[in-house]
Q: 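Please read through the structure below; I'll follow up with questions.
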Amino acid sequence: KTSLQRWQHAQQWDGGFSWWPEGPYDAYMTGYVLRGLNLAVNAGVNVPTQLHESTYECVLTNLTEPTSNPPSLATTAWLLSAVTSYPVASTTPLPAELQAVFTSVFSQREKLTASSLAHLTESAYHLKRKQELPVLLRNLENGVHSTVTAEYGVTAQWGATGQYLDGSEGAVESTAACIDVLLKVNPQHPLIAPGVAWLLLNRQSNRWTNTRETTLALLALQNYVKTR
């Protein structure tokens, strides 16, 4: 309840959010909030309708209307996955303009990191892109790094383990994102269990490197337990 009240207080007039109070609108952060609201609704939390709908509409506008400062390719994939997983979208058709946005990002998918590719794959699933979805799954499969361990057998990891500029490029967040989308598209996919094994092996005591990584890893593991 307190978190929802903070979001309501921080929301800007157009439904968007910034990185800090009264800061400039940020597309990535607005998508981040929308994803959080989607998760809350799916978990049975009573989310204020106006807060959720206005955030959704803001992200939708950012994706489909021309702007002098369009989001980057990775941010567009992030926003697409957030807006297409909007709970109401399961019963109400998504705007046709999103199909064109998806097509544009799909045509440039070789520029995406593993986590962004996972977000695009999630969008393909929700948009029912039956031709592109198998292609994206193969792209994810081709980008995996597999290792054989004594304790867990084969492990699977996506993303960078060395230096990287953006947190979303890191192996923990990338692997969590790939596990999540594979659980949605094909819960029996052979790379899911090895991905979970890699996450468990790369904890630091009872957590991962930071709060964000820990949250995303736990969400992926929770979805794995619920699905399996």
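The figures that follow rest on heavy atoms only: side chains count, while hydrogens, waters and symmetry mates do not. Position 1 is the first residue of the sequence; numbering continues from there.
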Q: Please give me the minimum heavy-atom distance between A220 and D180, naming the atom from each residue.
A: CA-OD1, 3.6 Å

Q: Under the side-chain contact (heavy atoms from CB on, under 4.5 Å) criterion, do L112 and V105 qualify, and how do the steps go?
A: CA-CA 9 Å; L112 296 175; V105 180; 4.1 Å; yes

Q: To the closest 0.5 Å, what do you measure between CH2 (W78) and CG (L34)?
A: 10.0 Å

Q: Checking T75 now: which residues fulfil side chain to side chain contact (heavy atoms under 4.5 Å, CB included) with it, not counting sequence neighbours?
A: A27, Y28, P71, S72, L79

Q: Residues two or more places apart in sequence or in another chain: which of them pass salt bridge (Lys or Arg N to Asp or Glu O under 4.0 Å) with R129?
A: E132

Q: Counting neighbours of CG on N42 that are heavy atoms of other residues, nucleotides or ligands and sit closer than 6.0 Å, is the number greater than 12?
A: yes

Q: Do V135 and V185 belong to the same hydrophobic cluster, where Ile, Leu, Val, Met, Phe, Trp and Tyr are linked whenever their side-chain heavy atoms lie under 4.5 Å apart, directly or via other members?
A: yes

Q: Would you say L127 and Q99 make side-chain contact, with heavy atoms under 4.5 Å?
A: yes

Q: Which ILVMFWY residues can you reach from V154 by hopping between side chains whose heavy atoms are under 4.5 Å apart?
A: V148

Q: To the closest 0.5 Å, what do you measure between CG (N223) and CD1 (I179)?
A: 10.0 Å

Q: Would you indicate whether the side-chain heavy atoms of L60 and P95 approach each other to under 4.5 Å?
A: yes

Q: Run the numbers on N186 and Q188 for side-chain contact (heavy atoms from CB on, under 4.5 Å), then give the verdict.
A: CA-CA 5 Å; N186 178 11; Q188 302 305 317; 3.9 Å; yes

Q: Does NZ or CZ of R35 fall inside the cone over Y86's six-membered ring, less than 6.0 Å from its centre and within 45° of the axis?
A: no

Q: According to a hydrophobic-cluster definition based on side-chain heavy atoms being under 4.5 Å apart (Ile, Leu, Val, Met, Phe, Trp, Tyr only), do L216 and L37 belong together?
A: no

Q: To the nearest 0.5 Å, tell me how far Q222 CD sits from L183 CG.
A: 11.5 Å

Q: Looking at residues at least two apart in the chain, or sitting in another chain, which of them share a salt bridge (Lys or Arg N to Asp or Glu O under 4.0 Å) with K111?
A: none

Q: Considering only heavy atoms from C-beta outward, does the side chain of V144 approach that of L140 to under 4.5 Å?
A: no

Q: Among residues at least two apart in sequence or on other chains, which ones pass side chain to side chain contact (heavy atoms under 4.5 Å, CB included) with S18?
A: Q12

Q: Can you find a heavy atom in the side chain of L39 that is under 4.5 Å from one in the side chain of L219?
A: yes

Q: Do E141 and H189 make a side-chain contact, defined as non-hydrogen atoms from C-beta onward lying under 4.5 Å apart?
A: yes

Q: Verify the neighbour count for atom CD of E110: are there more than 12 heavy atoms of other residues, nucleotides or ligands below 6.0 Å?
A: yes

Q: Does the side chain of L218 reach to within under 4.5 Å of the side chain of W208, using non-hydrogen atoms?
A: yes

Q: Can you list the residues that meet the side-chain hydrogen bond (donor to acceptor under 3.5 Å, both in side chains) rule with N38, with sequence neighbours excluded?
A: H52, S85

Q: For the OG1 atom of T84 and the NZ atom of K128, what is their distance to the nearest 0.5 Å?
A: 10.5 Å

Q: Can a side-chain donor-acceptor contact be found between T49 and E53 if the only test is distance below 3.5 angstrom?
A: no

Q: Donor-acceptor pairs under 3.5 angstrom involving side-chain atoms of residues 190-205: please list them, not counting sequence neighbours.
A:
| residue | atom | partner | partner atom | Å |
| --- | --- | --- | --- | --- |
| N202 | ND2 | W198 | O | 2.7 |
| R203 | NE | L200 | O | 3.2 |

Q: Please list, chain by chain and in numerical order, all residues satisfying side-chain hydrogen bond (donor to acceptor under 3.5 Å, both in side chains) with S54, sequence neighbours excluded.
A: Q11

Q: Output side-chain donor-acceptor pairs under 3.5 Å for residues 114-126, partner residues at least two apart or in another chain, one line each.
A:
| residue | atom | partner | partner atom | Å |
| --- | --- | --- | --- | --- |
| S115 | OG | T113 | OG1 | 3.4 |
| S115 | OG | S168 | O | 2.7 |
| S116 | OG | T113 | OG1 | 3.4 |
| H119 | ND1 | S115 | O | 3.2 |
| T121 | OG1 | L117 | O | 2.7 |
| S123 | OG | S81 | N | 3.1 |
| S123 | OG | H119 | O | 3.1 |

Q: Same cluster or not: are W13 and W7 linked, directly or through other Ile, Leu, Val, Met, Phe, Trp or Tyr residues, by side-chain heavy atoms under 4.5 angstrom apart?
A: no

Q: Kindly indicate whether the side chain of L80, heavy atoms from C-beta on, has any atom under 4.5 Å from the side chain of V101.
A: yes

Q: What I want to check is whether the side chains of Y25 and N62 have a donor and an acceptor closer together than 3.5 Å.
A: yes

Q: Please confirm whether the backbone N or O of F106 pairs with a side-chain atom of R109, one donor and one acceptor, at under 3.5 Å?
A: yes

Q: Can you tell me how far CD of E173 sits from CG of N210, rounded to the nearest 0.5 angstrom?
A: 8.5 Å

Q: Going by the rule side-chain hydrogen bond (donor to acceptor under 3.5 Å, both in side chains), which residues pair with Q8 if we only count those two or more places apart in sequence or in a different chain?
A: none

Q: Would the distance check show the side chain of Q108 and the main-chain N or O of S104 forming a donor-acceptor pair, the cut-off being under 3.5 Å?
A: yes

Q: Once side-chain hydrogen bond (donor to acceptor under 3.5 Å, both in side chains) is applied, do any residues pair with T76, and if so which ones, sequence neighbours excluded?
A: none

Q: Checking V45 now: which residues fulfil side chain to side chain contact (heavy atoms under 4.5 Å, CB included) with it, not counting sequence neighbours?
A: L4, A40, V47

Q: Do Y32 and F17 have side chains that approach each other closer than 4.5 Å (heavy atoms only, starting at C-beta)?
A: no

Q: Between T175 (side chain) and V172 (backbone), is there a donor-acceptor pair under 3.5 Å?
A: no

